[in-house]
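Single-structure report; data block below.
Nothing fancy with the numbering, it's 1 onward along the sequence. Computation of the quantities below employed the complete heavy-atom set of this structure, encompassing side-chain atoms and omitting hydrogens, waters and symmetry-equivalent molecules.
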Amino acid sequence: MLFDEVIWVLLAAGLVLATPVLAIAGFVQARRARRELAALRADLAAGRFGPAQPAAEVVTYPLPAREEPPPPEVPSEAPPEVQAEPPLPPEPEPAAPSGPTAIVRRSLEENLTSRWLVWLGGATLALGGAFLVKLSIDSGLLGPAVRLTLAVLIGAALVGFSEWLRRRSPPDGTGGRRDFVPAALSAAGLCMGFAAVFAGHALYGLLPALVAFAGLAAIALSAIFLALLQGPLVAALGIAGGYLVPALMSSEEPSAWPLFLYLLVVAAAGAGVLRWRGWAWLAVLNLAGAVAWPFLWFIAGWTAGDAVPVGLYLLGLAAMMVWLRPPALLPAVIGAAAICVVAFALVRTDHYGSASLVILVLLSLLFCTAARIRQEVDVYAVLPPVLVTALLATWHLPQILYASEVRPPIVPPELEGFVFAAAGFAVAFAAGGFLALWGARRPGLWAAVSAGAPIALLAVAYGRLADFELDLSWAALGLGLALLQLAAAARTARYRDRGLEAALAAYAAGVALALALAATMALREAWLTVALSLVLPAFAWIAGRVDLPALRWLTALFAQAVLVRLVFNPYVLDYDLTIGVGPVHWLLWGAAGRWF
């Protein structure tokens, strides 16, 4: 009975393994035949098979002839002209099939023979190895250690055979197409290695967690570096496996330091392969895995003190983003924005601790420095102000109540972090943008950061701390900011002939916006509408002097804001106010300001 079970197991294993092996062998033979056929067609097209060469001349030695008298002289006549026959035109070569039908035929042939069936055979081979291990487990033929060792050896043999096969293949593939057989064999062998190491830890307990983690990481990194030789699909397998390894391994005491150090190594390996080979679509997979793990850690494994390892991990990702030069600007901006989103979540998860705020400062400095040095990605400079503004707008502020007889401090201790962060970043963005615009490729961008970031941060701080109530102290801050913007505008006006017109317009618009913000802090109802309407002529004057589309859009948005306040305010006609001499209603002043 046991002999019959062994026979059936061996037959099933042979059937499972023989089918993909025979399929891959058939593809190898077909590839060799197609290569020979392509070489013959190339020789025929080049005309290398011409007419047969003449036979070698036979050297003869003639017998001496008898001496005969010379023939009588005949008056020479000009030989008749012989017209050479025109050469026959070469026969036209048969034209290759063209049109949509030929394109579809070539595409289907290539996909069926060199892609889909090859990868289907590789997947079948990997599953065959897994089922072989399972059949041996169910039948009790070999011990777990022997079975897993055989699975690892078979996987290593497949990887080695795939590399041997790749080296025997032509560099450009068959007929100019990529050869997918070595990559399919490598993927099958790597999957078998992953399954064997994981089963040795999770199913049988033969491998400690640290040893299994190291083994899986080594297989994933080997796949990433093997992709330099065998193509992007092996790299995709390695990157996906590298990011799945920590999820497959369980630990009683998870720690952020080894996890994010390992993830940084995987991300760096993937970034190195992408930089070397330029596979842009793999950057999406690498970025998705690198960004997903911090969020998983925030949800499931966060403990006090994890801000430092997670923050250093984010700084490493940002440094790789700066170092890796993408083929287009949009992927670079998307990747940098994703890192900023993770930094936003880090500061909030850390409850605005000093470590996470320091990480935020370093990250902003890194992006701004990269934007200034690598001026083709100077749009990086916009991301830190947007990140800080969003963070301050959603900052968790406590509700502080003081007794009527107690004089509240200027900055309560509970609000010191918020106030210092807002003030520090406002000063840093204002000064840094002003210093960076000199000699920049787009000085208007840096001037916009220098002028717009402090105004946005002041508006957010005013809304969060003063709840948009009338406060002359906040209005004084707005006027002071307008004076600083005016000083920067006066400085750039001296060098406007050096291409600083956009920077001058940005600072002039900053002056108008700061004045409008100060009016909002000090005025209400009709006075506020009148003040905002009077800012519109300043915007119109700036837009008329400097032809910038962004400035025109800003003017249009500001005008629409004033219009909405005039039209959709249900209390607009209830304001009892006359301005000037006589019954001149304030509405006329607001409409006149907008019309102007």
Side-chain angles (χ1 to χ4, degrees), residues 198 201-202 205 207-217 220-221 239-270 286-321 335-367 384 387-388 390-398 413-418 420-421 424-425:
F198 179 70
H201 169 73
L207 299 177
L210 184 60
V211 176
F213 182 85
L216 292 176
L221 295 177
I239 292 174
Y243 285 117
L244 286 176
V245 164
L248 298 176
M249 307 304 299
S250 59
S251 176
E252 296 180 357
E253 296 180 358
S255 176
W257 281 103
L259 171 64
F260 286 99
L261 181 61
Y262 164 76
L263 292 175
L264 188 61
V265 172
V266 174
N286 194 28
L287 180 65
V291 170
W293 265 107
F295 287 104
L296 294 176
W297 189 257
F298 295 154
I299 296 172
W302 178 267
T303 57
D306 288 347
V308 176
V310 178
L312 293 178
Y313 171 72
L314 287 181
L315 291 177
L317 289 182
M320 283 187 287
M321 182 65 62
I339 294 175
C340 290
V341 171
V342 179
F344 175 85
L346 171 63
V347 177
R348 289 175 60 88
T349 307
D350 192 43
H351 300 293
Y352 315 99
S354 58
S356 59
L357 290 178
V358 170
I359 295 297
L360 181 62
V361 172
L362 295 177
L363 186 65
S364 302
L365 183 62
L366 177 62
F367 277 128
L387 170 61
V388 174
L391 182 64
L392 293 176
T394 57
W395 194 294
H396 293 91
L397 295 179
E414 298 83 0
L415 303 178
E416 287 181 353
F418 177 87
F420 290 155
F425 278 108

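Residues satisfying the side chain to side chain donor-acceptor pair (under 3.5 Å) criterion with T394, sequence neighbours excluded, are R348. Scanning for side chain to side chain donor-acceptor pair (under 3.5 Å) contacts around T303 gives D306, with sequence neighbours left out. Take Y262 and apply the side chain to side chain donor-acceptor pair (under 3.5 Å) test, not counting sequence neighbours, and it matches no residue.
To the nearest 0.5 angstrom, L314 atom CG is 11.5 Å from M321 atom CE. Here CG of L392 is found 9.5 Å from CG of L387. Values are rounded to the nearest 0.5 Å. In this structure, CG in L360 is found 9.0 Å from CG in L346, a value given to the nearest 0.5 Å. In this structure, CZ on F295 lies 8.5 Å from OG1 on T349, to the nearest 0.5 angstrom. Note that CG of L366 is 9.0 Å distant from CD1 of I339, once rounded to the nearest 0.5 Å. Remark: L244 CG to I239 CD1 distance equals 12.0 Å, nearest 0.5 Å.
Closest non-hydrogen pair, P398 versus L415, comes out as CD-CD2, 4.0 Å. Of all heavy-atom pairs spanning G311 and I359, the tightest one is CA-CG2, 3.7 Å. Of all heavy-atom pairs spanning L264 and Y313, the tightest one is N-CE1, 3.7 Å. For the residue pair A307 and A355, the shortest heavy atom distance occurs at CB-CB, 4.2 Å. The two residues L248 and F198 have their closest heavy-atom pair at O-CE1, 3.1 Å. Nearest heavy-atom pair, P384 versus F367, reported as atom, atom and distance to 0.1 Å: CG-CB, 4.0 Å.
Counting heavy atoms from C-beta outward, F213 and L259 have side chains that stay 4.5 Å or more apart.
Note on ring orientation: taking the six-membered ring where Trp is involved, the planes of F260 and W297 are perpendicular (angle over 60°, cut-offs 30° and 60°).
When atom types are taken as modelled, the side chain of Y243 and the backbone of W293 share no donor-acceptor pair closer than 3.5 angstrom.
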